[in-house]
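Indexing begins at 1, ligand by ligand and atom by atom, following the structure's order.
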Amino acid sequence: MGKKIFSGVQPTGNLHLGNYLGAIKNFVKLNNDNENDCIFCVVDLHAITVKQNFEELRNNIRETVATFIACGINHEKSIIFNQSAVPAHSEAAWILSCVARMGWLNRMTQFKEKAGKDKERASIGLYSYPILMAADILLYDSSHVPVGEDQKQHLELCRDIAQKFNNDYSVGTFFKAPEPLIQKQFARIMSLKDGTKKMSKSELSDLSRINLTDDKDVMVNKIKKAKTDALPIPGSIDELKKRPEAKNLLGIYSSLMDLTLEKSIYEFEGKNFSEFKSKLSQVLVEKINPISLEIKKLINEKKFLDKILFDGHVKANNIASKKLKKIHEIIGF
Ligand code: AQP
């Protein structure tokens, strides 16, 4: 039986190699399987949990759609829409926030990382972000959610919220507990400057990530400048574990080539980083440059992108508003 897929990407600009290898590449595979029903959402309500600039947000929404299409998602097979265009998301998030418990949210590590030391000044939206994410997923009876490894904890919370709602209102399996689809290997791509931190759009240094819109030379230069260590490439995963930057670069290479880490280690064992980096740059340009060129072409086709979002929101609204109506009935509104 086919899967009901839902996933979202924030239109916060700088979509990067981590977003691609950790999530979007998987969206494309799932979209290509005719058995699946896929919904991919541009989660702009999530984006405003940190301050956004009006013009940039508008452009980033279109750029996210352009990226989906450039990476290979077929908008005629999958629903692509903008979260704020479907009001049921905000309303369901409120209802679910009355079901979720403070203690559950207090455990979320992403809030701790994003809010940093100054938690008091973080928006309440940033704190309750996982509840909105649960609403996104549960409104569509999603069975599977393809995400990067960083979202695993939020998915577990979503399952807890679904179960508590079902128990509180004695409604059996009204909300379906979704399964995360997290790749077994390379599900967390790390910063090129620090192998212990995830590659991220909001990291200040552009050298920490490969943006999907980077030109060829920029990509090559970033790989050249990527942090490594003085030793040659080791011969085993155990040795690699102690060297986060080396592990990350070999992981990126393996993921781009669809190889296991073992195979890549075997290929480069004993070689120095300059040799490995030149091969990695070559592969990166080969795989990512066509995507980058396509995004740049599509970004100018505003009407085409807006039409995809419009058509998608009509379909999404149709599903989500029906589920919300049932939620109202269950609660007693
Ligand atoms: N470094 C990563 N490695 C693997 N997967 C990743 N994802 C994000 N970073 C990595 C996955 O990409 C999908 C979309 O992410 P998002 O844009 O919705 O939000 P995020 O996880 O908060 O991404 P960023 O880049 O870290 O954004 P900022 O800096 O704005 O917070 C998700 O499935 C995510 O797991």
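In this structure, the protein non-hydrogen atom closest to atom 18 (O) of ligand 1 is Gln10 N, 3.2 Å. For atom 12 (O) of ligand 1, the closest heavy atom belonging to the protein is Asn19 ND2, 3.1 Å. Nearest non-hydrogen protein atom to atom 28 (P) of ligand 1 is Ser202 OG, 3.6 Å. The single protein non-hydrogen atom nearest to atom 33 (O) of ligand 1 is Gly148 N, 3.2 Å, given as residue, atom name and distance.
At least one heavy atom of Lys114 sits closer than 4.0 Å to an atom of ligand 1.
Counting heavy atoms closer than 4.0 Å to ligand 1, residue His16 contributes side-chain atoms (C-beta onward) but none from N, CA, C or O. For Arg188, every heavy-atom contact with ligand 1 shorter than 4.0 Å involves the backbone, none the side chain. Counting heavy atoms closer than 4.0 Å to ligand 1, residue Ser7 contributes nothing at all. Heavy atoms of Asp150 found under 4.0 angstrom from ligand 1 belong exclusively to the side chain.
A donor-acceptor pair under 3.5 Å links the side-chain atoms of Gln153 to the main chain of Thr109, judged by distance alone. Side chain of Asp37 to main chain of Lys4: no donor-acceptor pair is present (N/O by atom type, distance under 3.5 Å, no hydrogens or angles).
Checked against the 6.0 Å centroid criterion, the rings of Phe268 and Tyr253 qualify as a close aromatic pair. Aromatic rings from Phe304 and His75 are positioned such that their centres are separated by under 6.0 Å.
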Go through Lys323 and Phe174 one step at a time and tell me if the side-chain contact (heavy atoms from CB on, under 4.5 Å) criterion holds.
-> CA-CA 10 Å; Lys323 188 78 178 176; Phe174 172 73; 3.6 Å; yes
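Atoms of ligand 1 lying under 4.0 Å from any heavy atom of Val9, numbered from 1 in the order shown and given with element: 14 (C), 17 (O), 18 (O).
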